[in-house]
Amino acid sequence: MENKVRILLEKALLNAQEKGLLTLPEVPAIALELPKEKGRADLSTNVAMILAKKLKVPPGLVAKAIVENLPNDNHVIEKVDVAGPGFINFFFFNEFFQETLREISSGIQKPTPKVSQKGEKILLEFVGANPTGPLNVVNARAAALGDTLARLFEVTGDHAEREFYVNDEGSQIENLARSVEARYLELDGKTIPEFPEDWYAGEYVKDLAKFIRDGFPKPEIFGTEGKKIYGESIFTKERLALLREGFKDKLFTKISDEKTRLQFLARTAVIYMVNSQRSVLERFRLVFQSWFFQSQLGDSVDKSIAVLKEHGHIYEQDGAIWFRSTTFHDDKDRVLIRQDGRPTYFSADIAYHAYKKKRGFDRLIDLLGPDHHGYIARTKAAIQALGYPEDTLEIYLIQLVTLMSGGKPLRMSKRAGEFITMEELLDEVGIDAARWYFLNRHRDTHLEFDLDLAKLQSDENPLYYVQYAHARIASILRAASEQGVKLASASSIDLTPLVHAAEKELIKKMAQIPSIIRLAAESREPHHLTRYAVELARTFHSFYTECRVLGDPSEKKVSQARLFLVASCKKVLAEILGLMGISSPDKM
RNA sequence: GCGCCCGUAGCUCAGUUGGAUAGAGCGACGGCCUCCGAAGCCGUAGGUCGGGGGUUCGAACCCCUCCGGGCGCGCCA
């Protein structure tokens, strides 16, 4: 719908230019919108005002020149007027609405791929939780966002891959291993010292120790994934057998060297944690195409540092190796190799981003947690220092989530182990509701997640409002087939009975889907989808109240046309919910 | 102290990148089921867009400043 109008407008602009009424440096991007107040126009544009500014001509004159030069032999525009400060308002022929509906239904009205690009290969890195504990609600928010973004990119003609980065090296992993070891000793009846602050005190660590002692519920993951990631020197035949049967009291005798033991415990813990994270994500209907472990970087950390050195971005000071990130607008330079010779997390991250680039991705998108704020500038600096354009890396922060219950925020203290995990959230509110509420808000606003509202299966919950529209249509379709009213195909259906204002409103709303999808994809802001879904559902419910689909047998043509209309609307609702990974029930 | 984010209806939030009389959901109030699902529809009330200044035909949006809230500022990850 918008595209047709856009083409007419472009022609009008060119016509006006030929006549010398306007001088255009280039054809501007034309924004079309549904006026807030309905009845004012079917569609309107502010292009005259945009041009007026550029050309320094009164908007009214520009609008007049455009309107007078619209091709008049079209079957689209019935009426056009200029209003307010220079808006051009269009009213369309019924025929144009009917044609638009036919296109929507046959899938022609999909978002057209970007004009300027053929389609990019995009790598989306998100969730990226440490394998030191269960996923939390911010991880869940990132999961919903990243998954939906990936799906949006696929629809708009790009290719997106979802990747989960596992930080399986470093001091936090060592702390995890020590925590597991301590719990193991505790099971042995030994008294253990109080945990230092940076150890892990959660229940899951006790579970982990118990599994190592008594045998894992799914030991096969160590033989497959464990061996693949960490090799047979870690997961030897003997150790695999012990993980299956349980080490009982033999952990310290079988692996007497402390360093080896801690490494083994760390690797075991990571494989276990990663698998439990993965299963929660799968329950959330999110499958990552790839899981990348920091330990797999190998010598590429040294290599990428060598590249930076070649470009002259490295220096040595106080016994450490530094990256001069201030060259690229970071506040301060960053350490890559510590005094003690160990690389920092950041240097691994540089190697990781270099590796992503080497795999041939045109664009890297990272969704990070709110505590990674400081990483944006330095990572972007690194990308540039490696010789890539700055804008091929996009980093977005996902802000905090506060869970509300009974009108009060739930206290989330990680130290005391009192935090709600992603799994508990899913138990509590379900997958559809969790996804909906995460996607419903702009990513960088702190999200207040009202557990009571999300759980509520009633009219107060916008998710059910939208799903109800879908179920209601399904119900009409069931009734239609019982009454023998057949749903005609897009090519054979007679749509001329569709002339009612409510019908046209619904078609207009449905026709918006391509531009909504493009907006959400290009701005990386999926919250436009939930808004649109509510609007579409509302327009449908409104139509439903005003127009009967089934009924009067003498009006069979009307019934059939309306049936076609609602069936198409059902498709659009399902498409938008599907993009968000939310189900479209036929019955509720 | 420095940097980033936020401040819009009683509550939770949109606002398509500077455009029409600032919108939606929930909550409040008033109507609508002999008929396809009332988990619905229609209507009413509700605003100094945190305050002030500036830029221009025009500002919730851009600039400056102040106030309030959050987060970050490790040779942790």
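Lettering of chains follows the sequences in order, A, B, ..., and the numbering in each one begins at 1.
- No more than 12 heavy atoms of other residues, nucleotides or ligands sit less than 6.0 Å from atom NE2 of A/His329.
- Relative to the six-membered ring of A/Tyr396, A/Arg524 misses at least one condition, a distance below 6.0 Å or an angle of at most 45° to the axis.
- With a glycosidic angle no more than 90° from 0, B/C33 adopts the syn conformation.
- A/Arg478 has no side-chain polar atom (N or O) that falls below the 4.0 Å cut-off from OP1 or OP2 of B/G37.
- Base contact: A/Ser475 has a heavy atom under 4.0 Å from a base atom.
- With hydrogens and angles ignored, no donor-acceptor pair closer than 3.5 Å exists between the side chain of A/Thr344 and the base of B/A77.
- Between A/Asp366 and A/Lys356 a salt bridge is recorded (basic side-chain N to carboxylate O distance below 4.0 Å).
- Phosphate proximity of B/C42 to A/Ser542: present, with a side-chain N or O under 4.0 Å from OP1 or OP2.
- A/Asp330 comes within contact range of no nucleotide atom at all, as no heavy-atom separation falls under 4.0 Å.
- Residue A/Lys332 is classed as a sugar-phosphate contact, given heavy-atom separations below 4.0 Å to backbone atoms only.
- In this structure, B/U17 shows a glycosidic angle within 90 degrees of zero, which is the syn conformation.
- Using a 4.0 Å heavy-atom cutoff across all strands shown, A/Gln339 reaches at least one base atom of the nucleic acid.
- Using a 4.0 Å heavy-atom cutoff across all strands shown, A/Asp168 reaches no nucleic acid atom at all.
- Within the nucleic acid shown, A/Arg538 comes within 4.0 Å of sugar-phosphate atoms alone, with no base atom in reach, counting heavy atoms only.
- Between A/His541 and B/A39, a side-chain N or O to OP1/OP2 separation shorter than 4.0 Å is absent.
- Within 4.0 Å of A/Phe449, counting heavy atoms only, lies no atom of the nucleic acid at all.
- Between the C1' atoms of B/U56 and B/C62, the separation comes to 11 Å (whole Å).
- Across all strands, A/Tyr544 comes closer than 4.0 Å to base atoms (heavy-atom distances).
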Item to check | Pair pattern of RNA chain B in dot-bracket, where unpaired bases get dots and | marks partners in another strand, Watson-Crick or G-U under 3.5 angstrom | outcome: (((((((..((((.....[...)))).(((((.......))))).....(((((..]....))))))))))))....

Next on the checklist: What does the B/S/- profile of nucleotides 1-8 of chain B look like, 5' to 3', with a 4.0 Å heavy-atom cutoff to protein?
Outcome noted: --BSS---

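- For the OP1/OP2 pair of B/G37 and a distance below 4.0 Å, the side-chain nitrogens and oxygens of A/Arg548 include no atom meeting the criterion.
- With respect to A/Arg178 and A/Glu174, a salt bridge is recorded, a charged nitrogen being found less than 4.0 Å from a carboxylate O.
- Between A/Tyr465 and B/C41 there is a side-chain polar atom (N or O) within less than 4.0 angstrom of OP1 or OP2.
- Here the side chain of A/Arg6 pairs a donor or acceptor atom with the backbone of A/Ile30 at under 3.5 angstrom.
- Residues passing the side chain to side chain donor-acceptor pair (under 3.5 Å) test with A/Tyr375: none are found, sequence neighbours excluded.
- One distance of note links CD1 of A/Ile576 with CG of A/Leu529; it measures 5.0 Å at 0.5 Å rounding.
- B/U44 sits 27 Å from B/G51 when the P atoms are compared, rounded to a whole Å.
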